[in-house]
Number of protein chains: 2
Amino acid sequence: MTDLTVQPKPLSRTGGIRDVARQAGVSIATVSRVFNDAGTVSQDTRERIMHAAALLSYEPSSLGRNLVRGRSYLVGLIVPNISVPLYGTMIQGIEDVLARHQMSALLGSSRDRPDTEARVAQGLLGHAVDAGIVINSQVGAALPVQRMRGWVHISPEIPGLPWRVELDNEEGGRLAARELLRNTSSGSPRTALAYVGAPGRESLERERGFAAELALAGLNYRRVVGDYSEQSGLEAGLELLQFPLDAVFVAGDLMAAGVLRALHRSGRNVPTQVAVVGFDDSLIAPLLYPRLSTVRQPAYQMGAAAAQMALDLIAGLAVTPMTFSPVLVRRESTDPSPEPPFTPDEGRSSSR
Amino acid sequence: MTDLTVQPKPLSRTGGIRDVARQAGVSIATVSRVFNDAGTVSQDTRERIMHAAALLSYEPSSLGRNLVRGRSYLVGLIVPNISVPLYGTMIQGIEDVLARHQMSALLGSSRDRPDTEARVAQGLLGHAVDAGIVINSQVGAALPVQRMRGWVHISPEIPGLPWRVELDNEEGGRLAARELLRNTSSGSPRTALAYVGAPGRESLERERGFAAELALAGLNYRRVVGDYSEQSGLEAGLELLQFPLDAVFVAGDLMAAGVLRALHRSGRNVPTQVAVVGFDDSLIAPLLYPRLSTVRQPAYQMGAAAAQMALDLIAGLAVTPMTFSPVLVRRESTDPSPEPPFTPDEGRSSSR
DNA sequence: TTGTACGCGTTATCAT
DNA sequence: ATGATAACGCGTACAA
């Protein structure tokens, strides 16, 4: 364990506002005015001050500023697991918006364990974050809020939170159903459908939309429950294959990867024999074989919206919940065109 | 644009150290001593103070503390792109170590553009980070360092940096070569080999190890250059298929996904006709079809090591560079066992 | 063991 | 347009 109390060379102290004031022959108040574009300063003295500052390579200390302003310009961020690609995309959206406002995100990970969530939140509060954002919170409104504005939630699981960004999961289910019911190239409609879900509200809502759309066509469907893992998708797929099957909607892309694998092992062709639609449009979707058609969550935009909410919260503005609409991304697992052309959307994920 | 100057209700001020001192009938110095385990305080007064603090729900303001200590307890983090799974894993490692020391990571993304890297660094410095970590820096030693200890690099591209964590890429190339040269189940050794690389030092080192190991067996190899994208892997694969081919080493998992796709399209069986080894063991590797054998970067450990370096740097300790060794992860793309059993390693990626 | 008093670097108010 | 000065909340020599 590193002993953080050790601090040999206390970082050569840079010149402060006082030094600049002395150098420029003015008071510290005027220097402050210049660096905050506040009040009025004559062009002449402004230049003298800027020159002196450059000479001493001075810049205002955020430590001092934060103290007197009572703000840290930090937004806490709690993520279940940073390496989940979908979350990564959300974080990008958050980061972009915050950076544009000279603010930064303080990262905290609850490591997929609900019980640590409050502890992580407390740790972030220890850094005096002005507000916070929680992705897929398990705790909900119970998070601590000392000296901060509040937590914005990106999460479908806990309804009723005042500041939240969510996806219209039911609409996602409808989109999936419509895609699977499109006439196949052979002209024969699909009739043996299935849903692979998972525990939780999120999956239930997706299923509700899926079921509603099927009902319109007078169709029923088989139902299996997994846990969003690939393994559970594989098991679900093997189970479904004991019965007739020509279309599957899976509540997550990772789990859909497992379903696809089950189909490969049983020798079924996708999409001609069985069509598959996933959910999320995580970056693995276009890498699967065949490329997975899926319901896209606009993760980047959802992150950006949450960040904007946090900023509004800090500014004391009114904030209302937002619901985003999913979009269906058609790829090879539902589209039987033999040699699909490459579009910029596919394949060109980020390098590495 | 939100106007951050708006700040209606300045967050009801919590009781400060003064209030606690008054309530407990002691001086603020004694309160401070209690909360910092410094000096000596009688058991009696300590309890009185703790009680008063609890009563007023007081906790020390990090803003004030940071100012007087001249530290922010923040570590800046610059990542090319947060949604890259491999980076996500590194960040997890960083976060875990920092959190264990009451510190936090301030997130910055250079959005895959080298020119923004210095700007992002400057932004993090604006928050007075104590030190920083840069993943795959393009800028290297040129990053600004005002009032901070320095930047730890996780990066192979820029040698000579004093504080760095890197992977033994050459060893990775050797591992890949050995795996591809293993006798096949049919007993006939592979002789038509290829390397799919990319620009940059990293790929060159991997190739060097690969080539050296092949040379030991008296073998040569064909060579194609991509850019780590899936698309470039597909193109590379199609190009290689114009010649005899029974083994490919690809410098990145994403690009390997493209190579696999090219092999599918041409009807080759993997691994019986062509064996494939990727690089990184990014979380996509076990999701590809077939599951991809690959050279694993210990990303989590590399992140953790970098964080520890940053902590040591802050503590003023001596820091020396570290090199990590890769490990070969054998999966279906080199191992022709017909129905591979599921190991905890495979399939069970994080949920979602 | 406890208290006094100063400093940390800045912003903001009120004079001038 | 500019200056003097009081906060901001805390840590810490130094004194008691």
Side-chain angles (χ1 to χ4, degrees), chain A residues 4-5 7 10-49 52-53 56-73 125-128 130 146-147, chain B residues 4-5 7 10-49 52-53 56-73 125-128 130 146-147:
Chain A
L4 287 181
T5 59
Q7 203 176 16
L11 274 191
S12 67
R13 283 238 298 291
T14 335
I17 196 173
R18 262 174 279 266
D19 305 281
V20 176
R22 191 178 318 119
Q23 174 81 22
V26 297
S27 75
I28 62 170
T30 307
V31 177
S32 175
R33 271 189 279 262
V34 167
F35 276 88
N36 292 285
D37 293 319
T40 46
V41 182
S42 77
Q43 187 57 27
D44 178 47
T45 51
R46 154 169 271 112
E47 277 168 10
R48 275 215 324 285
I49 289 173
L56 304 176
S57 72
Y58 160 85
E59 8 186 354
S61 150
S62 55
L63 264 30
R65 181 198 344 238
N66 290 352
L67 174 60
V68 66
R69 290 206 183 144
R71 289 189 45 190
S72 64
Y73 296 85
L125 288 185
H127 291 279
D130 296 336
Q146 298 130 18
R147 316 201 214 205
Chain B
L4 286 182
T5 60
Q7 201 175 18
L11 274 190
S12 67
R13 282 240 297 291
T14 333
I17 196 172
R18 261 175 282 268
D19 305 282
V20 177
R22 192 177 318 118
Q23 175 79 24
V26 297
S27 75
I28 63 169
T30 309
V31 178
S32 174
R33 272 188 279 263
V34 167
F35 276 87
N36 292 285
D37 294 318
T40 46
V41 183
S42 77
Q43 187 57 28
D44 177 48
T45 51
R46 154 168 271 114
E47 277 168 10
R48 276 214 324 284
I49 290 173
L56 304 175
S57 70
Y58 162 84
E59 8 185 354
S61 151
S62 56
L63 263 30
R65 177 192 344 220
N66 290 353
L67 174 60
V68 66
R69 290 205 184 144
R71 289 189 45 190
S72 64
Y73 296 86
L125 288 185
H127 291 279
D130 296 335
Q146 297 129 19
R147 315 202 215 207

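In what follows, every chain begins at residue 1, and chains take the letters A, B, ... in the order their sequences are listed. Quick note: numbers below take in every heavy atom, side chains included, and nothing from hydrogens, waters or symmetry partners.
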Among the nucleotides [options], which one has an atom lying closest to any side-chain atom of [X]?
X	options	result
B:L67	D:dC10, C:dT11, C:dC8	C:dC8
A:S42	D:dG3, C:dA5, D:dA1	D:dA1
B:I17	D:dG11, C:dT2, C:dG9	D:dG11

Quick check on [N]: is either OP1 or OP2 less than 4.0 Å from any side-chain nitrogen or oxygen of [X]?
X	N	answer
B:S27	C:dG3	yes
B:T45	C:dT2	yes
A:T30	D:dA1	no
B:N66	D:dC10	no
A:S32	C:dT11	yes

Please report the shortest heavy-atom distance between [X] and [Y], naming the atom on each side.
X	Y	answer
B:V31	B:I17	CG1-CG1, 3.5 Å
B:S72	B:A128	OG-O, 2.5 Å
B:D130	B:Y73	OD2-N, 2.8 Å
A:T30	A:I49	CG2-CD1, 3.6 Å
B:Y58	B:G15	CD1-O, 3.3 Å

Between the first and last five pairs of the helix from C:dT1-D:dA16 to C:dT16-D:dA1, the angle of the axes, rounded to 10 degrees:
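The angle, to the nearest 10 degrees, is 30°.
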Send over the distance from [X] [atom1] to [N] [atom2], rounded to a whole Å.
X	N	atom1	atom2	result
B:I49	D:dG11	CD1	P	13 Å
B:R71	D:dC10	CZ	P	18 Å
B:E47	C:dT1	CD	P	15 Å
B:D19	D:dC10	CG	P	9 Å
A:Q43	D:dA1	CD	P	11 Å
B:R69	D:dC10	CZ	C1'	9 Å
B:F35	D:dT12	CZ	C1'	17 Å
A:N36	C:dG9	CG	P	17 Å

Do A:S61 and B:R147 have side chains that get closer than 4.5 Å, going by heavy atoms?
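When only atoms from C-beta onward are counted, B:R147 and A:S61 do touch, with a gap below 4.5 Å.
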Are any non-hydrogen side-chain atoms of A:N36 and A:R65 less than 4.5 angstrom apart?
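Touching, per the 4.5 Å side-chain cut-off.
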Heavy atoms only, 4.0 Å cut-off, all strands: where does [X] land among base, sugar-phosphate and nothing?
X	answer
B:Y58	sugar-phosphate
A:V41	sugar-phosphate
A:E59	sugar-phosphate

Rounded to the nearest 0.5 Å, what separation is found between the [atom1] atom of [X] and the [atom2] atom of [Y]?
X	Y	atom1	atom2	result
B:L67	A:S62	CG	OG	10.0 Å
A:R33	A:I28	CZ	CD1	10.0 Å
B:D44	B:R46	CG	CZ	11.5 Å
B:S42	B:R48	OG	CZ	7.0 Å

What does the list of N/O pairs under 3.5 Å between the protein and nucleotides 13-16 of chain D look like, with a distance for each?
none

Position toward the 5' end of DNA chain C (nearest nucleotide), B:G64 or B:R46
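Nearest-nucleotide comparison on DNA chain C picks B:R46.
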Can you find an N or O donor on one side and an acceptor on the other, under 3.5 Å apart, linking the side chain of A:R65 with the base of C:dG9?
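By the distance-only test, no, there is no pair.
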